[in-house]
Amino acid sequence: MQFNKQSNIHPVRRTVLKFTGAMGALATVSVAGLMRAGEALAAPWNKGGFESKALEEALKSLGAANMIESKDIVITAPDIAENGAVVPIAVTSRIPNTQSISILAEKNPFPLAASFDITSGDAYVSTRLKMGQTSNVRAVVKVDGKYFTAVKEVKVTVGGCG
Amino acid sequence: MQKTNLKWLVLTATALFGVGCASFPEPAVTQQMVEKMVSEDFTAPSPAMLMRLAQDKSQQTCSMIGAAKLTQEEAAEVVKLSRESIRYPADGKLSGDWKLGNALAHDGAGDRIQFGKLEGRKENGGMCQNCHALAPGEINVGNVGPSLTGYGAQRGNSEAIAKYTYEKIYNAWAYFPCSNMPRLGATGHLTPEQITHMVAFLIDPQSPVNKK
Amino acid sequence: MAEAMKIRAILQGDTADVRILIAHPMETGQRRDATGKLVPAHFIQSVVVTQNGKTVLDGQWSQAISRNPFLGLRVKGARNGDKIVVTWADNTGGKRTDEAVVSPG
Amino acid sequence: MQCMPTMAKLGAAVASVAFTLFAGVAYAQTGDPLAVGRQMLMEDNPGDLWLDRGKKLFHGARGPKNASLEQCDFGQGPGKLEGASIRLPRYFADTNRVQDLESRLLTCMETLQGFKRDELQRRAISPAGSDGSDIEALALYITSRSNGMKMNVALDHPKTREMYKAGEQLFFRRSGQTDFACIQCHGESNKRIRLQDLVNMTDKKQIQDVVSSWPAYRGAHFVVRTMQWRLYDCFWQMRLPELKYESDTSIALTTYLHYQGNGAVIKVPGFKR
């Protein structure tokens, strides 16, 4: 029996650290018409922000200037991520009237990973990120036109014996 | 694994009890069956690579099952075979370039077989990081083997230490018969020259292993 | 054809704990397949969650979100039987909507 | 701007090394620095996305014979999946073979649905980052039907006992350029290869955690992996030749491991980094 030569069981193990390259081509991605789910309700996709390579630019796209460090923003994430391709991140804002939570992996080639407008009455969101290397993960919270922020460092190792 | 493992005794006892009077085949019969299975159940790009599954004398001796222990005679035999296996670099210099050794120690790749192909590498990685702590503060290191942090700082870098270290990497079983440490030189995984670089990585005062 | 999402919406006190798993490749556009060819970018850009028709979360994603994405949120003031609807849309025009009903924990 | 981070400065890199040193000490005292991440990932397992697919594949009419797998007998009678996986591997008279779940599944896909066996074997293990194979989805679905039940492999047939003993011997059989057998990495507790925890398979609790959690979603591959894959990958890592899918060697090892893990409560899909 021969295994399928077309298949490749382990590429991820070797390429996970190469997200710098992997995500480098975002600028060339054609974004189909900025189509959004629930179009009537949703704001257009923040193309400029998601395609910013510099953290400052990404923050600017969110409108975030003069951010205030806040202990009322809690980032739950592993100190060490076993697998940079799946790094769990949860953000809770205890600041009243939180309108949105954005998540940035500062050393990713495109730092802005996600933004959530939250109107559920509980400013909490949990998701999973690709991270190319050890980096600060930053949460930016918008409250009545003001911006608050917190960071947590996540160490990324690839692991395995590859 | 030469240590008696109490848990193993318990497990084996449970297994025997569990099947009551039903009999297991004799170990020799099982061994025959296993060798047949091993010869049929694997594929490789070449017949020579299939031979990786064949055991040498020491590997056979070191495949003790469960709580079985190595006898003194067996241990002596493994040590003898292992000593005889050791080859030294042509120029006789046992400590090479610690920087090359550093790279080797952190390289876990080389010589794996997948999709009918051998991993395309000029030389194999040393795989040290998989099982040993190396420079202080490294996170992504294993602990199957003892920590090597400060190895040279503790032992110095004399000719005698270089020789011991070289031999230990070349064939660990010359000192600790049947230990978990691969016989990296004797099995051909690393060349004598590569091993001299790893020796330097461990004993050179400039190596990160010996930095605070 | 996108596969169905897995949506759990469990009531804890007055808050629904909503957990969503989505089958999606979230391709970055620079990964190469086994033959060395670039796999085109293919990732979800938008996820909208509603409770009985009212938007409770409006999310935007980049391709930095992991393959087979997870999204967790909490909806305050939820009740058993509330309808939670999740819709995602990706950069190639693909989209899918699934729903779940808030149920007791 | 008080919050602006320093981006990728050399100083930060040096600081990070120093921090690492302290962090290492702190973790040793406070426990596992990986635990938070593992916990978060386990709670919401993308492997669940495979269950419906496996169910559809099982009940749908497929293959050259356009038949479902509903008549497949995993040892509990045709179509009975509850409690099937907990008794596998076992001896099957119709094939005169000890079979694990995956081997038995292939037998049914061949006999009931008319698929070619060598084709099935070739496609069984999917590429990383793919949508996964049908066999992976089926193996997960079938195993999930025994969720909550206890592993209960019986050595009640001479051939099963042969395979058990062969598996045991294989577990300790050292070969190749790493001089490894399974036991070299799986014989002691609290050991790691790099950061990856190694299961001590001589410990009842730990081996139970293994046999109860496959098939599992493998985070690094984004697909559901099976026990056959787990064994294949171990041999790859040991620099040995490629283990054939559903070979006797693989089934012998599975017989040995599952029997050691008897009593484990099945909970699949598992989640592996």
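What you are looking at is a predicted structure, and each value in this text was computed from that prediction instead of being measured.
Contact count against chain C (heavy-atom pairs under 4.5 Å) is highest for D117(A) among I118(A), D117(A), V86(A). Per-residue heavy-atom pair counts under 4.5 Å with chain C were compared for V125(A), V87(A), I103(A), I89(A), and the maximum is reached by V125(A). The candidate with the highest count of non-hydrogen atom pairs below 4.5 Å against chain A, out of G77(C), G72(C), P40(C), is G72(C). For the set S102(A), G121(A), S115(A), A123(A), the entry with the most heavy-atom pairs within less than 4.5 Å of chain C is S115(A).
Only the backbone of R67(C) comes within less than 4.5 Å of a heavy atom of chain A; no side-chain atom from C-beta onward does. Using a 4.5 Å cut-off between heavy atoms, L129(A) contacts chain C through both its backbone and its side chain.
Aromatic ring orientation, H24(C) versus W88(C): perpendicular (interplanar angle above 60°, classes split at 30° and 60°).
A donor-acceptor contact closer than 3.5 angstrom is absent between the side chains of H42(C) and N91(C). Side-chain atoms of D90(C) and T92(C) form a donor-acceptor pair, as typed in the model, at a separation below 3.5 Å. Judged by distance alone, the side chains of N46(A) and Q60(C) never bring a donor and an acceptor atom under 3.5 Å apart.
Exactly one of V47(C), L57(C), T97(C), D98(C) qualifies for a side chain to side chain contact (heavy atoms under 4.5 Å, CB included) with V86(C). That residue is V47(C).
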